[in-house]
Amino acid sequence: MLGLMQDWPLLISRVIDHAAREHGDREVISRSIEGPIHRITYREIRQRALKLAQRLSRDGIKLGDRVATLAWNSWRHLECWYGITGVGAVYHTVNPRLFEDQILYIMNHAEDRILFLDLTFVPLVEKLADRLPTVGRYVILTDAAHMPQTTLRNAVAYEEWINEADGDFRWLEFDENTAAGMCYTSGTTGHPKGVVYSHRSNILHSMMSLQPDCLNLSSRDTAMPVVPLFHANGWSFAFSGPMAGATMVMPGAKLDGPSVYELLETMQVTCTAAVPTVWLGLLAYLEQTGKPLTSLKRVVIGGSACPRAMTEKFERNYGVQVLHAWGMTEMSPLGTVCSIKKDYADLEGDALYDIKMKQGVAPFAVEMKITDDAGNELPRDGQTFGRLKVRGPAVSRSYFRGEGGQILDEDGWFDTGDVATIDPHGYMQITDRAKDVIKSGGEWISSIDLENLAVGHPDVAEAAVIGIAHPKWDERPLLVIVPKPDAQPDKEKILAFMQGRIAKWWMPDDVVFVPEIPHTATGKIQKMALRDRFKDYRFPGV
Ligand code: AMP
C-alpha cells in the first residue's frame with residue numbers, strides 16, 4: 001500500500017519560490033566586487049534567476065550539463081546557483097585558491113560548459129582559457145560599465161546577458177535525484193575528486209541544518225556566510241538562508257578581520273560561519289581596537305578544529321555562542337554540531353568548555369560510528385579512538401566518474417579518514433586525521449589536542465603538530481608555532497604552559513618557531529607540506 005501524499009519532488013527551485021513567496025521583501029546584502037554595498041530582495045533574486053535559467057537554456061545548457069562558478073559570495077553567485085539548477089544543470093564551484101593545474105584539472109574533468117567568474121579572476125582565467133576546451137562562454141559577474149577588456153572566448157557582462165531574457169520561464173521539473181551541484185575535494189593525495197550533490201540531498205541537508213540543535217536559522221536572523229560558496233557546498237547557506245527566510249549578508253572578496261567586522265556591525269548580523277583562520281583575524285582585530293560585537297549571537301566554526309581559546313574568547317569576552325561543527329565536502333557538508341544537550345546543561349566553566357571542544361552531535365539524517373581497523377564497532381565511552389564512519393541521504397556514495405572506486409563498505413558506511421571518540425551522550429570528538437595522528441610506542445597522540453592547547457598560550461598565533469621519526473618510539477610530536485606579532489615566546493615557556501594539562505608522554509619533544517604555517521585551499525593546516533619541510537629535522541640529541 002502506498003501513502004497518498006502528493007508527489008512533490010524535492011527540487012531546489014522550490015526553495016527560491018518559497019523565499020520569494022513567503023519572505024519576498026527579505027534582503028540579500030552584498031559587498032560587491034566593484035566596491036559598494038548592494039541590496040536585493042528574494043523576490044528579485046528569483047526573477048533574475050529565472051532570466052538566467054532562460055538565458056542558459058537559450059545557450060543550449062540542458063539537464064546534467066556542468067556550469068562552473070569562480071566567484072566570491074554575492075547575490076549574483078546565489079542567482080547563478082538557482083538559475084543553473086533551475087534548468088537541471090549542475091553548479092560546479094571552483095575554488096580560486098587551488099593551484100592553476102588543479103583548476104585546469106577539475107574544470108576539464110567536469111567538462112564545464114560555461115564559467116561564471118568574478119572580475120577578480122579575469123586575469124587568472126585568461127591565463128588558463130587556452131587549456132579549457134569545453135568552456136564555450138565566459139560570463140563575467142558584473143555590468144557593462146565595469147566590463148573589462150578581455151581575451152576570454154564569448155565573454156559577456158552578466159547583467160547584459162541575463163537582460164537578453166525576459167524571465168517568462170518555468171523551472172524545469174525532473175527527478176529529485178538529479179545532480180544539482182559539484183565540489184571537488186581538496187585531494188591531499190592524487191587528483192581532486194568530484195563530489196556530486198543531488199536536488200534531494202541538498203534539500204534534506206538544508207532542512208537538517210535548520211534544526212534548533214544545528215544552525216537554528218530563522219526569519220529573525222541576519223546570516224552572514226563568510227565561508228565561501230566554493231568551500232564544501234557553502235555549508236548549505238545558499239539554500240538554508242532562503243529556506244528560513246533569513247536576511248543574508250554576502251561578504252564578497254574581503255574576508256580580513258576589519259572588513260568582516262564592519263559588515264557584522266553595520267548589517268547587525270546575528271549568525272555567521274567560517275573556518276577558524278577567519279575568526280583568528282576577527283579576534284585579533286577586536287583585541288587591537290577594543291571594539292565590541294553588538295548584534296552577533298552565534299558563530300559556526302568548522303572546517304578544522306576550533307581551538308579552545310577561540311571558543312572561550314567569543315563566549316566569555318563577547319557573549320557570542322560558538323557552535324563547533326564538523327563535516328566534509330562528501331557530507332554536503334554538515335556532520336555534527338556541538339550544541340549543548342540537556343545532559344550537559346548544568347555544566348559550567350571549564351567543564352562546559354571541555355564539551356564545547358568536541359565536534360558535537362549528529363543531527364537526524366547523519367549516522368556515525370567508530371570502528372577499529374578491522375571494522376568492529378568501538379564503544380561510545382568518550383575514551384576509545386577509532387575510525388569515524390558515517391552514512392546518510394546527504395553523504396556521498398561515489399565520486400564523479402567513479403574515481404577512487406568503491407567508497408562505501410557493504411553496509412553503506414563511508415570512512416571519513418578522521419579518527420574520533422564518541423561519548424555516552426553522542427558527542428563526537430575528532431582526535432586526528434588518520435594520517436596525521438602521531439604513533440608513539442604503539443599508542444596514538446592526537447595532534448589536534450596538542451595544537452589546541454598550544455594556541456591557548458597568549459604569545460601563540462597558530463600551532464601545528466607533526467610526527468617526526470624517532471628511533472625508539474617510532475614517532476614523536478614536534479610542535480611548530482607561529483608567534484603573535486611582537487611576542488617572543490621561547491620553547492621553555494611554551495612547554496611549561498602545556499605541562500600538567502596533557503599526559504606526560506604526549507608532551508612535544510621539541511618546539512620550533514616559524515613565521516607562517518602553510519594552509520590548503522580551504523584553510524586547513526597543510527600537514528603534508530609541513531612534514532615535507534621538516535623531513536630532515538631530527539630531535540635534539542637523537
Ligand atoms: P573538507 O571536505 O575539505 O571540508 O575537509 C573535511 C575534513 O576537515 C574532515 O574530514 C576533518 O578532517 C576536517 N574537519 C572539518 N571540520 C572539523 C572540525 N570541526 N574539527 C576538526 N577537523 C575538522
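Numbers here simply count residues along the sequence, with the first being 1. FYI, side chains are in, hydrogens and waters are out, and symmetry mates aren't considered; it's all heavy atoms of this structure. Atoms within each ligand, like the ligands themselves, are counted from 1 in listed order.
With a 4.0 Å cut-off on non-hydrogen atoms, Ala305 touches ligand 1 through its backbone as well as its side chain. For Thr329, heavy-atom contacts with ligand 1 shorter than 4.0 Å involve the backbone as well as the side chain. Contact annotation: for Ala325 versus ligand 1, heavy atoms closer than 4.0 Å belong to the backbone alone. Under 4.0 Å from ligand 1, the heavy atoms of Arg433 that appear belong solely to its side chain.
Distances between N or O atoms of Gly303 and those of ligand 1 include at least one value under 3.5 Å. Polar contact check, Cys306 against ligand 1: no nitrogen or oxygen pair lies under 3.5 Å apart. Considering backbone and side-chain N/O of Ile301, none are found under 3.5 Å from N/O of ligand 1.
Judged purely by distance below 3.5 Å, without hydrogens or angles, the side chains of His199 and Thr85 never pair a donor atom with an acceptor atom. Between the side chains of Trp473 and Asp509, no donor-acceptor pair of N or O atoms lies under 3.5 Å. Of the N and O atoms on the side chains of Thr371 and Arg387, not one donor lies less than 3.5 Å from an acceptor on the other residue. Between the side chains of Tyr427 and Asp343, no donor N or O sits under 3.5 Å from an acceptor N or O.
Look at His231 and you'll find a heavy atom under 4.0 Å from some atom of ligand 1. Residue contacts with ligand 1: Thr185 is excluded, as none of its non-hydrogen atoms falls under 4.0 Å. Residue contacts with ligand 1 include Gly327, since one or more of its heavy atoms lies under 4.0 Å from the ligand.
Listed by first and then second residue, the salt bridge (Lys or Arg N to Asp or Glu O under 4.0 Å) pairs that reach into residues 73-82 are Glu34-Arg76, Arg48-Glu79, Arg76-Glu159, sequence neighbours excluded. Contacts classified as ring-ring contact (aromatic ring centres under 6.0 Å, His included) and involving residues 349-406 (residues at least two apart or in different chains) are given here: His109-Phe400.
Considering only non-hydrogen atoms, atom 11 (C) of ligand 1 lies nearest to Asp418 out of Ile448, Thr520, Val275, Asp418.
Ring-plane geometry between Tyr82 and Phe239 is classed as perpendicular, the angle between the planes exceeding 60 degrees on a 0 to 90 degree scale with a lower cut at 30.
Put simply, the side chain of Leu323 reaches to within 4.5 Å of the side chain of Ser339, judged on heavy atoms.
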